[in-house]
Amino acid sequence: MGLGYVGLSTTVTMATKFETVGVDIDRRRVDELSAGKVPIHEKGLKTLLAKGLSSGRLKFSSQAFDLGSADAIFVAVGTPSSPDGSIDLSQVRKAATDIGGLVRVSSGKPLVIMRSTVVPGTLSTVVKPLIEETSGKKSGAGFWLCSNPEFLREGSAIADSLRPTRIVLGAAESGSMSSAKALYRKFYGRRTPQMVLTSPEGAELIKYGSNSYLAAKVSLINLLANLSETFPGTDINDVALGIGLDPRIGKQFLQAGPGFGGSCFGKDLKALSAYLRQMALDPSMLESVLRINDFQPSHVVALADAAVGSLAGKTVAVLGIAFKAETSDTRDSRSIPLIRGLLDKGAVVKAYDPVATLPESLRGAAQAKSLRDCLDGADLAITMTAWKEFQKVRPAEFARLMRSPTLVDARRIYDPAAYSKVLKYFAIGRGGNGPG
Ligand code: UGA
């Protein structure tokens, strides 16, 4: 139920083994998927979708009713932020009510698996009572209920679904746990990863804990990157390596840049902060992580301004519109506040992305048709995502296409030694180059 990134990846993955129906209220999406068209850029999705459809195991529907005879129902509906940052559970409530209707008439005992990210207590105090109320049946008697958060990264969501690092299951009754374990053992067989078995609240916390930790790593390295810029000869990449080689810390998620974006980190940290406040606990650590992240695009604008003297009237090429490489998703992309900041400073902005398009809200900027078109005649280029296409651009090519070849490498995708020989090269976290 719910065919966003998580629901769709789960659906096509499950269809490699099981009869699977993907349900979404968006009829257009259902029609497109039924015709084999993918609505998002996600590696491997098109192939698995085609395989599932041709095998006859995979179907799509806009009617929850079509899940009536399912042995297991995955809930993967959206959990957006309310205006005050707290979690908006309206789609979860609707899904639970629909499932209650299915359980009511079911002759079996379906397993309901909660994949959507929800604050601790949601499964037990919102989902369970709603299903019980609508179905007239009790959890453990008329249906099984389990929390099972996902750890899929956009861009590698299919690979992550086929080879997860762990399976987290949170259930109140042993029958629900056994049923969920059996489903996954049947699916993954000998390749079943380690399972973490806990309470529903434990599982819900693991999801928020994982995203909070990853976001905190990114904000910490960005804070240190900005500080590194004040010390000539200091480079954040060396600092990150020195920190990350400690096995207690690890090298991943220490890549300095314009901050984290996407549909998860910001939303989840805000939801957990609001929830902590509600529980009279201190959310300030998470709030700092968010504050550092909010600041980072304006820091890139300041670097850009200093790089060209003043941005007013300058043509700026922004490389990357999506929130990271390998996705078309622009939700919470750092390129959005960056482009707004550049426009506010009077720059003329052209942006290019291999698959993403500029959101409506950025009408003041132009979408370039190609990378070459974007760089052509620009005074300054800023790298905002690490697409391979961008990584391949040689310094001489920048110099040939641009009016005044100046580069702000906000994603740190180029070798400073090679690029600074040919271009005016500035980078996040590189001492002696920034406004300080
Ligand atoms: C994230 C988590 O990584 C998944 O485990 C989780 O399941 C998912 O959220 C979710 O909650 O559904 P995703 O948002 O797809 O996945 O993207 P990430 O690869 O985690 O990147 C998030 C942001 O952090 C991106 O903007 C990325 O560019 C940035 N980032 C990441 C850095 O700036 N530096 C790094 O070192 C790593």
Side-chain angles (χ1 to χ4, degrees), residues 2 4-10 40-43 76-81 87 115-119 148-161 163-168 203-204 206-226 236-237 239-241 243-244 249-272 289-290 292-294 296-297 299-300 320-338 356 383-387 390 409-413 428-429:
Y5 278 89
V6 173
L8 191 49
S9 305
T10 306
I40 49 175
H41 179 89
E42 189 61 51
K43 199 173 172 198
V77 295
T79 51
S81 296
I87 192 164
R115 291 227 101 190
S116 305
T117 301
V118 288
V119 291
N148 170 224
E150 51 76 26
F151 306 99
L152 313 177
R153 295 160 299 174
E154 287 185 23
S156 53
I158 300 293
D160 290 347
S161 299
R163 285 176 294 282
T165 49
R166 71 281 205 200
I167 292 171
V168 173
E204 290 161 336
I206 287 170
K207 171 67 190 204
Y208 279 101
S210 301
N211 276 1
S212 300
Y213 189 87
L214 292 171
K217 264 186 125 176
V218 175
S219 276
L220 176 69
I221 207 66
N222 284 341
L223 191 61
L224 297 179
N226 299 352
I236 192 61
N237 285 354
V239 176
L241 179 65
I243 296 172
I249 299 173
K251 283 194 268 185
Q252 292 192 50
F253 271 73
L254 286 178
Q255 176 68 54
F260 55 78
S263 64
C264 302
F265 286 0
K267 166 183 79 83
D268 292 351
L269 267 68
K270 279 184 205 147
L272 185 57
V289 170
L290 287 168
I292 292 166
N293 197 56
D294 282 346
Q296 205 60 3
H299 181 70
V300 181
I321 298 171
F323 81 94
K324 63 174 184 178
E326 308 295 335
T327 178
S328 52
D329 195 348
T330 58
R331 284 177 291 176
D332 214 10
S333 166
R334 300 294 82 193
S335 296
I336 298 170
L338 172 97
T383 55
M384 288 297 284
T385 60
W387 278 102
F390 304 159
D409 190 0
R411 271 292 171 181
R412 299 303 312 260
I413 59 179
I428 287 261

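Every number for a ligand or one of its atoms is a count from 1 in the order of the listing.
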Participant: Below 4.0 angstrom from a heavy atom of E154, which ligand 1 atoms are there? Numbered from 1 as shown, please.
Facilitator: 15 (O)
Participant: Ligand 1 and S263, any nitrogen or oxygen pair closer than 3.5 angstrom?
Facilitator: no
Participant: Once you round to the nearest 0.5 Å, how far does CZ of F260 lie from NZ of K217?
Facilitator: 14.5 Å
Participant: Measure the distance from atom 9 (O) of ligand 1 to every protein heavy atom, then report the residue, atom name and distance (to 0.1 Å) of the closest one.
Facilitator: C264 CB, 3.4 Å
Participant: To the nearest 0.5 Å, how far apart are CG in N237 and CG in L254?
Facilitator: 10.5 Å
Participant: Could you grab the distance from atom OG1 of T117 to atom NZ of K207, nearest 0.5 Å is fine?
Facilitator: 3.5 Å
Participant: Taking 4.0 angstrom as the limit and counting only heavy atoms of R153, give me the atoms of ligand 1 inside it, by number and element.
Facilitator: 3 (O), 15 (O), 16 (O)
Participant: Report yes if some N/O of V218 lies less than 3.5 Å from some N/O of ligand 1; otherwise report no.
Facilitator: no
Participant: Only heavy atoms of K324, strictly under 4.0 Å: list the atoms of ligand 1 that pass.
Facilitator: 13 (P), 15 (O), 17 (O), 18 (P), 19 (O), 28 (O)
Participant: Report the part of L152 (side chain from C-beta onward, or backbone N, CA, C, O) that has a heavy atom under 4.0 Å from ligand 1; answer both or neither where that applies.
Facilitator: backbone
Participant: At what distance, to the nearest 0.5 angstrom, does OG1 of T385 lie from CZ of F323?
Facilitator: 11.0 Å
Participant: Could you tell me the residue and atom name of the protein heavy atom closest to atom 34 (N) of ligand 1, and the distance to it rounded to 0.1 Å?
Facilitator: Q255 O, 2.9 Å
Participant: Among side-chain atoms of S219 and N293, is any donor-acceptor pair under 3.5 angstrom?
Facilitator: no
Participant: Taking the side chain as every heavy atom from C-beta outward, state whether Q252 and L214 have any pair of such atoms under 4.5 Å apart.
Facilitator: no
Participant: With salt bridge (charged side-chain N to carboxylate O under 4.0 Å, His left out) as the rule and sequence neighbours excluded, what pairs involving residues 320-329 come up?
Facilitator: D329-R331
Participant: For atom 28 (O) of ligand 1, what's the nearest protein heavy atom and its distance?
Facilitator: R411 NH1, 2.8 Å
Participant: Counting both backbone and side chain atoms, is some N or O of E150 under 3.5 Å from an N or O of ligand 1?
Facilitator: yes
Participant: Which of the numbered atoms in ligand 1 are below 4.0 angstrom from a heavy atom of K207?
Facilitator: 6 (C), 7 (O), 10 (C), 11 (O), 12 (O)
Participant: Test: salt bridge (charged side-chain N to carboxylate O under 4.0 Å, His left out). Region: residues 255-270. Which pairs qualify, not counting sequence neighbours?
Facilitator: none
Participant: What's the shortest heavy-atom distance between A322 and S328, and which atoms?
Facilitator: CB-C, 4.3 Å
Participant: Is any side-chain heavy atom of R412 closer than 4.5 Å to one of I236?
Facilitator: yes
Participant: Note the single closest protein heavy atom to atom 23 (C) of ligand 1, along with its residue, its atom name and the distance in Å.
Facilitator: F260 CB, 3.5 Å
Participant: Within this structure, what is the CD1-CD1 distance for the pair I243 and I249, rounded to the nearest 0.5 Å?
Facilitator: 6.5 Å
Participant: Hey, which atoms in ligand 1 end up nearer than 4.0 Å to a heavy atom of N211?
Facilitator: 2 (C), 6 (C), 9 (O), 10 (C), 11 (O)
Participant: Nearest protein heavy-atom contact for atom 31 (C) of ligand 1: which residue, which atom, what distance?
Facilitator: F253 CE2, 3.4 Å
Participant: Is ligand 1 less than 4.0 angstrom away from at least one heavy atom of G257?
Facilitator: no
Participant: Of all the atoms in ligand 1, which lie at a distance below 4.0 Å from a heavy atom belonging to F323?
Facilitator: 14 (O), 15 (O), 17 (O), 25 (C), 26 (O), 28 (O)
Participant: Can you measure from CG (L152) to CZ (R115) and round to the nearest 0.5 angstrom?
Facilitator: 6.0 Å
Participant: For atom 22 (C) of ligand 1, find the nearest protein heavy atom and state the residue, atom name and distance (0.1 Å precision).
Facilitator: F265 CE2, 3.7 Å
Participant: Among protein heavy atoms, which sits nearest to atom 5 (O) of ligand 1, and what does the distance come to when rounded to 0.1 Å?
Facilitator: F151 O, 3.3 Å
Participant: Taking N or O atoms only and a 3.5 Å limit, does L214 qualify as a polar contact for ligand 1?
Facilitator: no
Participant: With a cut-off of 4.0 Å, which atoms of ligand 1 are near a heavy atom of L254?
Facilitator: 36 (O)
